[in-house]
Each structure stands twice: as C-alpha cells, then as structure tokens.
**Q** 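To start, I am sharing the structure in question, which I have written as structure tokens.
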Amino acid sequence: MNSPSPDVAVPPAQPEPATGRALPGGLAAFLVFFSSGAVLVLETVALRLVGPYVGVTLQVTSSVIGIALAAIAYGAWSGGWLADRRDPRTLLAPALVLAGIATAVTLPVVRYAGEVLRGGAATAILLLVALAVFVPAALLAAVTPLVVKLQLADLRRTGQVVGRLSGIGTLGGITATLGTGFVLVAALPSTVILFTLAAALGITGLALGVWLRRRDRAATPGPARAKAALAVLGLVGAGLTTVAPNPCDIETAYHCARVEADPDRDSGRTLLLNSAQHSYVDLADPTHLEYAYTQWIGAVADVVAPPGRRLDALHLGGGGFTVPGYLTATRPGTDNVVFEIDGGLVELGERELGVRQGPALRAVVGDARMLVAGEPGDSRDLVVGDAFGHLVVPWHLATREMAAEIRRVTRPGGVYVQNVIDYPPLRFIRSELATVAAEFRHVALIAPPVALAGEQGSNFLIVASDAPLPLDAVRARLDTLDEATTLLSGAELSGFVGDALVLTDDYAPVDQLLATA
C-alpha cells in the first residue's frame, strides 16, 4: 500500500454552507433587536396587567421575570430545533405574525382570567402571569435562532455571527426595558402599548413574508384558509378587548386607579388602587373618616393637638388625601406636606376627590425615602406613614434607617403614626413594631382585638414618640368609636412583639413576612 507523498498538500476541509440564503446584515440585526426588545416590553407591561388582580408584590414581580425567562428559554430551544429541520425563511414571518396575534389576545385573556384568579395565591399568580407572557414571549424568542441559522453561511465565522446577534438582542432588551419603564408606561395606557406592539409585530411579519417571497420564493407556509383563520383570531382578540372588564378608570405610572361613588352617601367617594380599596373621601364633609384606621389617626391627632390648634404635619403617601383634609378642616392653619410617589394620583385627587393645593396643602411628587432625607430636623409635629404598594408597605419605608430619618424630622414631643396591613400569623407587624421601637423610646399599637388574636387580617396603627405618649387620653378617644379597638403598650406590647426581626436596609424581607404560613 503506497503512502501519500510528503510534499503533496492535503486541501483543508471546506465548511458546509448553511441551508438557504442569508439575510442582509441590517435586516438580520433589526429582527433580532426588535424581537428581543418586544419580549421585554411584554415583561414590563405584564406587571401592570396582572397587578389589579394579584397585586404588585415581590412574588408577582419574581413570577413575571421567571416566567418570561422560561418563555425565552423554551422559545430559543424550539426555534433552534425547528431551524435545523425546516428552512428558517419559511418560519420567520409566521413567528412574528403569531406573536402579534398572541400579544393582541393577551389583554382580554388576562382580564377575563383575572376576574376568576383574583387574589394573592401563588398558583393564581403563576397562572395569570403565564397567560400574560408565555406564548408571545416564546414565539418572539424563537426568532433569534432562526436568524442565526440563516446567517451561518461560513461556519468559520460562527462565533462572530452568534456573538454579534446575541449582543444585538441584548441591546434590544435593554432599550425596550428603559424605554418602556421611563417613557411608554408614563405616557400610554397598557392597552395602547400592547396593541401598538401587536400591530408592529404583525406588520413586520407580513412585510417580511412579502419581501422573502419576492426575493427567493420562500412563501409563508400554510393554505389560505389557515392564514385567514389567523387573521380572524387576531380580529377576535382585538374585539374581545373592547368588551373585556376593565378594572381601571385611569392608569397612572404606578397604579390602576378608579374612583367610585358611595351609593349610601351622595358625597362619598372611594379610591381603588389595583382593585383594592385605598381611601374614602367625603366631598361635603372632610371631617368624616370612614375607615377605622383613619379614625385611629384622627383620634391620635385630636389628643396630640386638640382641634383648633395648628400642626406642622408630614404625610408619607397621599392616596385620597383623607387625613390631610381632616387636619385642615379641624385645625385651620395646619401645614400639610404630602410626599406622593405617583403624580397621577395627585392629579386624580385634584380632579375627582376635591384636593386643593395651597398654603394648607403641598403635594410633592417623589419617593418618600428620598424626600424625607431632605427635610430639616425637628420640623414636624405629626408624621403620618400611609404609603403602600398595593397592600404592602414598600420595604425601604419599613426599615430602621427610615425610622431614624422620621425621628430626626419629628420635633421633641411630636408623634409618628404608621398604618400597616398584616395577616395571620402577624409576622410583619411584629417586625415593624420592633423596628420602630429601635428608634423611638415610646411605642404603642392600635388594632382590632380579633386581629391581635390572629383571627383575621387588618390595619394596624403604630404610634411612636420620643416623649411619653398620652395613652389614657388616646384610650378614652378610641372608646368613643363604633368598632372595638385595643391599645397595646408597655409589657403587653413587648410580649406581642417578642423576638421579632428588626428590619434594616440590609435585610428587610417584607413580602415574605406578609406571606401567610
């Protein structure tokens, strides 16, 4: 057997060309950028879609992120699998059109399903989020591997092609995240954002299909009846949206908000945020306090400063501006400064809840934690903490560092009252009491007896000061209210708090503490 001559060069193996013709570089980059960005638009808007039904908590946010990532993983895997078995040119346009249809159908699906799944159960959260995100996100995630397959005409440049398109996809996601969070959500309702995205996806898919057919006869697969059925499905989705139940009158940057008239009180108005009752305002009588926790705040204020004596009051959270209205009506000359993160709520209050800004009331739009840090020390007689994200006190407003800032702002002898919502086994209220007590020398708690017994969830009102609290006077004032109320202090309060965790900026698992056992 003859061996090959050593001076004869063996030609290098030639890379096997990919199936089909590559897309122009600019078009390939656009498709990857656009489809990746669309996924992040869906992910951001999904939190607003499901919030009215399951709240806006850490669990909900985690579910949106996790299910979106699962959809991306499944879509990328499926797209890669299909790209190796079919000509990707015949799949790209249908993927975009189907993603557009799925996006258009998302809104009515979530609104109808949300009415059934309403509540905070983990299974309800996961299912509703999956309905909002999974299908369109998976279809969009399939686009990138299809495009990558088409661009691999030279396997010696695989790393360059894959790296470039992966980077472009990441830039699309970053751009969409920032653009949606900073611009779109603040400027447009979720309905408009979703339908605009659905239309953009559908138009892009149709245009791509026409271009590919004219270029190399890679027609969109499927008979005419299938294409017509898809078009009808998209129209049905759009039509269902017009009749689907809408939980919002307006969408602000943070809330789905609605104002309802009280059928039993002509001048009564209820503010609902994400479908949860948040505030009650009597347009004709600002001294009327409907909810028990507002009555408790009024009772403390009446003891700290008898009606007629002005106060310098700071409110963390505005909502319906019920307590500022009460203080202004009962104490002419009171200076109310309200820190409200949602400028849309301020506008809604001015439009429908009788809020009037002037010398007695100034609303400052911004995060209360940041704004309190800029307040002068010893400047307020009364600080009212009533800020919530859905039914949860934002974690950064519940820490010892925040309590220290409030104590710095409160005058000697001034009082801090904080509204807290908790449910059995009452872990959060115990921790928040321990946290406030770590900064204020005197602390008390107002709550219904059934809530303290762990029989039901409720509002709790923490009362704190560096000076001894007028507890006897507060008890006497509470005894005049219709509902039974307990005031805990001293050894009773210490026994209730036990060894509860003091929350800090480094560790404040508020959502986990609120979760029922």
Side-chain angles (χ1 to χ4, degrees), residues 186-187 248-262 267-273 277-291 293-294 297-298 301 304-305 307-376 379-389 394 397 405-406 409-411 414-419:
C248 313
D249 283 345
I250 65 166
E251 282 189 271
T252 69
Y254 292 89
H255 297 101
C256 162
R258 185 168 77 250
V259 174
E260 291 184 348
D262 184 350
S267 55
R269 299 291 184 272
T270 301
L271 172 65
L272 295 97
L273 301 181
Q277 291 188 7
H278 189 276
S279 303
Y280 185 99
V281 175
D282 189 321
L283 300 179
D285 181 9
T287 65
H288 174 75
L289 301 176
E290 179 74 11
Y291 297 148
Y293 82 90
T294 58
I297 295 174
V304 171
R309 173 184 157 191
R310 71 172 299 280
L311 287 169
D312 291 317
L314 176 64
H315 305 262
L316 313 181
F321 292 78
T322 305
V323 175
Y326 175 81
L327 295 179
T328 298
T330 57
R331 296 160 178 81
T334 288
D335 176 33
N336 289 289
V337 175
V338 180
F339 294 159
E340 171 56 61
I341 196 170
D342 193 344
L345 284 187
V346 178
E347 296 174 4
L348 180 64
E350 292 175 332
R351 188 168 62 249
E352 298 192 37
L353 298 176
V355 175
R356 298 288 181 269
Q357 294 201 54
L361 174 63
R362 291 176 291 128
V364 182
V365 176
D367 189 287
R369 178 69 181 266
M370 303 298 102
L371 294 173
V372 166
E375 285 290 291
S379 60
R380 296 290 157 181
D381 303 304
L382 178 66
V383 178
V384 180
D386 193 17
F388 287 86
L397 303 185
E405 282 295 308
I406 293 170
V409 169
T410 306
R411 287 178 177 141
V415 173
Y416 171 46
V417 293
Q418 181 187 4
N419 179 27

**Q** Between D282 and S267, what is the shortest heavy-atom contact and its length?
**A** OD1-OG, 2.6 Å

**Q** Taking T334 for its side chain and L311 for its backbone only, find out whether a donor-acceptor pair lies under 3.5 Å.
**A** yes

**Q** To the nearest 0.5 angstrom, please state how far the CG atom of D342 sits from the NE2 atom of H255.
**A** 6.0 Å

**Q** In Å and rounded to the nearest 0.5 Å, what is the CD to CD distance from E260 to E352?
**A** 11.5 Å

**Q** Got V372 and V409 here, is their nearest side-chain heavy-atom distance under 4.5 Å?
**A** yes

**Q** Quick check: does any side chain N or O of E290 sit under 3.5 Å from a backbone N or O of V281, one acting as donor and the other as acceptor?
**A** no

**Q** Write down the atom of P324, the atom of N336, and the distance for their closest heavy-atom approach.
**A** O-ND2, 3.4 Å

**Q** Restricting to non-hydrogen atoms, name the atom on L283 and the atom on G354 that form the minimum distance, rounded to 0.1 Å.
**A** CD2-N, 4.0 Å

**Q** Please tell me if the side chains of T294 and Y326 come closer than 4.5 Å, counting only heavy atoms from C-beta onward.
**A** no

**Q** Give the C-alpha distance, both sets of side-chain angles, the deciding distance and a yes or no for side-chain contact (heavy atoms from CB on, under 4.5 Å) between T330 and T287.
**A** CA-CA 7 Å; T330 57; T287 65; 3.9 Å; yes

**Q** Taking the side chain as everything from C-beta on, heavy atoms only, tell me whether V259 gets closer than 4.5 Å to L353.
**A** yes

**Q** Is a side-chain donor or acceptor of S279 paired with a backbone partner of G320 at a separation under 3.5 angstrom?
**A** yes

**Q** Under the criterion side-chain contact (heavy atoms from CB on, under 4.5 Å), I'd like the reasoning laid out for L289 against T322: C-alpha separation, chi angles, the key distance, then a yes or no.
**A** CA-CA 8 Å; L289 301 176; T322 305; 3.9 Å; yes

**Q** Within the structure provided, determine whether L348 and T252 are in side-chain contact (heavy-atom separation under 4.5 Å).
**A** no

**Q** Is there a donor-acceptor contact under 3.5 Å from the side chain of R380 to the main chain of A313?
**A** yes

**Q** Looking at L345 and A257, what are the two nearest heavy atoms and their distance?
**A** CD2-CB, 4.3 Å

**Q** With the side chain counted from C-beta on, respond yes when L316 and I406 share a heavy-atom pair under 4.5 Å apart, and no when they do not.
**A** yes

**Q** What is the distance from atom CZ of R258 to atom CD of E251, rounded to the nearest 0.5 Å?
**A** 12.5 Å

**Q** Quick one: do D335 and R362 make a salt bridge, cutoff under 4.0 Å?
**A** yes

**Q** Do you know the tightest heavy-atom contact between I250 and G344?
**A** CD1-O, 4.5 Å

**Q** Would you confirm whether R310, through its side chain, and G333, through its main-chain N or O, come within 3.5 Å as a donor-acceptor pair?
**A** yes

**Q** Quick check against the 3.5 Å criterion: does Q357 have a side-chain atom that pairs as donor or acceptor with the backbone of A363?
**A** yes

**Q** Between F321 and L361, is a side-chain contact (heavy atoms from CB on, under 4.5 Å) present by the stated rule, with each step listed?
**A** CA-CA 10 Å; F321 292 78; L361 174 63; 4.2 Å; yes

**Q** May I ask you to check whether over 12 heavy atoms, not counting those of Y293, lie within 6.0 Å of atom OH?
**A** yes

**Q** Do you know which two heavy atoms are closest between Y291 and Y280, and how far apart they sit?
**A** CE1-N, 3.7 Å

**Q** May I ask you to decide if G325's main-chain N or O and T328's side chain share a donor-acceptor pair within less than 3.5 Å?
**A** no

**Q** Measure the spacing between CG of L382 and OH of Y416 and express it to the nearest 0.5 Å.
**A** 11.0 Å

**Q** Of H315, R369, E375, which meets side chain to side chain contact (heavy atoms under 4.5 Å, CB included) against F339?
**A** E375

**Q** Donor-acceptor pair, D381 side chain versus D312 backbone, under 3.5 Å?
**A** yes

**Q** Do V417 and V383 touch side chain to side chain, with heavy atoms closer than 4.5 Å?
**A** no

**Q** What distance do T410 atom OG1 and E405 atom CD have between them, rounded to the nearest 0.5 Å?
**A** 10.5 Å

